[in-house]
Amino acid sequence: MQPSNANKLKPHKLLNYFESLLSNSLDEVFIRRIISAVYFSLFNYWSIKNICKGNKGKGNNNDSFPHTQFIQDLASSGLDPQIYLLYVYRVAVDHYTLNPTKVTLTSHPYKGRTQNVKIDENILRKILESAKDVLSFLDNY
């Protein structure tokens, strides 16, 4: 199967849209969904860039990549603070109900690390800033 063009999965417009929403009062459910969408849009963009470079994932079409590979790749590329923030809050919004809460990570390179998190508009701003840094790196990946 031939890989699709990486431009089809560029999350630039999505991040810009989310940034434009920061002037509104956002409820927690909306903030949670934005954080999850930001993480997975970057993950998908990284995945397609890998496929276009000839790297193979798992699955019938070699298009399934583990999150740990994504995290380790970015952390080792000088984006450790950005990917850690994105990862810990993605886990918080998708796997924990209370807010604030304490998140314990279960994947390398952060396995066993625990952090108190609070999901609000302030963290969403930081998430979007980190996402822009990651995106800038991925554009040249």
Side-chain angles (χ1 to χ4, degrees), residues 1-24 26-141:
M1 176 172 225
Q2 194 68 320
S4 61
N5 186 325
N7 288 331
K8 291 180 180 180
L9 289 178
K10 286 176 83 169
H12 298 70
K13 286 183 184 179
L14 183 66
L15 294 181
N16 288 337
Y17 173 68
F18 289 152
E19 272 192 318
S20 75
L21 297 176
L22 289 173
S23 60
N24 302 323
L26 302 174
D27 67 20
E28 185 179 334
V29 171
F30 206 67
I31 292 170
R32 283 174 174 267
R33 297 299 34 112
I34 291 172
I35 291 171
S36 186
V38 165
Y39 176 89
F40 282 109
S41 67
L42 292 169
F43 174 75
N44 287 334
Y45 188 44
W46 169 86
S47 295
I48 194 68
K49 295 283 261 186
N50 269 290
I51 291 169
C52 290
K53 287 169 60 173
N55 298 329
K56 293 184 179 185
K58 296 179 181 177
N60 291 335
N61 294 323
N62 299 314
D63 64 342
S64 177
F65 292 87
H67 292 269
T68 55
Q69 186 179 348
F70 169 62
I71 293 163
Q72 289 171 355
D73 188 23
L74 293 178
S76 68
S77 298
L79 293 163
D80 184 64
Q82 293 90 342
I83 195 60
Y84 177 77
L85 183 74
L86 289 163
Y87 176 50
V88 74
Y89 276 89
R90 200 286 303 174
V91 170
V93 301
D94 289 336
H95 297 286
Y96 291 77
T97 304
L98 298 178
N99 184 25
T101 193
K102 184 183 279 192
V103 173
T104 301
L105 300 175
T106 59
S107 296
H108 291 290
Y110 308 115
K111 186 174 184 168
R113 239 166 133 176
T114 298
Q115 180 173 330
N116 292 321
V117 300
K118 182 177 180 188
I119 299 157
D120 59 18
E121 288 184 31
N122 291 328
I123 200 61
L124 179 56
R125 280 179 177 63
K126 291 178 183 176
I127 293 287
L128 292 171
E129 289 171 19
S130 291
K132 283 179 158 181
D133 291 343
V134 170
L135 188 55
S136 183
F137 170 79
L138 291 176
D139 284 339
N140 300 306
Y141 185 72

Using modelled atom types and a 3.5 Å cut-off, is there a donor and acceptor pairing between side-chain atoms of [X] and backbone atoms of [Y]?
X      : Y      : result
Ser136 : Lys132 : no
Ser130 : Lys126 : yes
Arg32  : Val93  : yes
Asn50  : Lys53  : no
Asn99  : Ile119 : yes

Partner of His67 under ring pair (Phe, Tyr, Trp, His ring centres under 6.0 Å), picked from Trp46, Tyr87, Phe40, is Phe40
Can you confirm whether or not the ring centre of Phe70 sits under 6.0 Å from the ring centre of Phe65?
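Ring centres of Phe65 and Phe70 not closer than 6.0 Å.
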Taking C-beta and beyond as the side chain, do [X] and [Y] meet within less than 4.5 Å on heavy atoms?
X      : Y     : value
Leu135 : Leu15 : yes
Asn55  : Lys49 : no
Leu86  : Leu74 : no
Leu124 : Tyr89 : no

Tell me which pairs pass salt bridge (Lys or Arg N to Asp or Glu O under 4.0 Å) where either residue lies in residues 93-109, with sequence neighbours left out.
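For residues 93-109: Arg33-Asp94, Arg90-Asp94.
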Evaluate whether atom NE2 of His12 has more than 12 neighbouring non-hydrogen atoms of other residues, nucleotides or ligands under 6.0 angstrom away.
yes
From Ile127 atom CD1 to Tyr39 atom OH, the distance as rounded to the nearest 0.5 Å
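Nearest 0.5 Å value for the CD1-OH distance: 11.5 Å.
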Here the gap from His95 atom NE2 to Thr104 atom OG1, rounded to the nearest 0.5 Å, amounts to 13.0 Å
For Glu129, which residues count as a salt bridge (Lys or Arg N to Asp or Glu O under 4.0 Å) partner, sequence neighbours excluded?
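Glu129 satisfies salt bridge (Lys or Arg N to Asp or Glu O under 4.0 Å) with no other residue.
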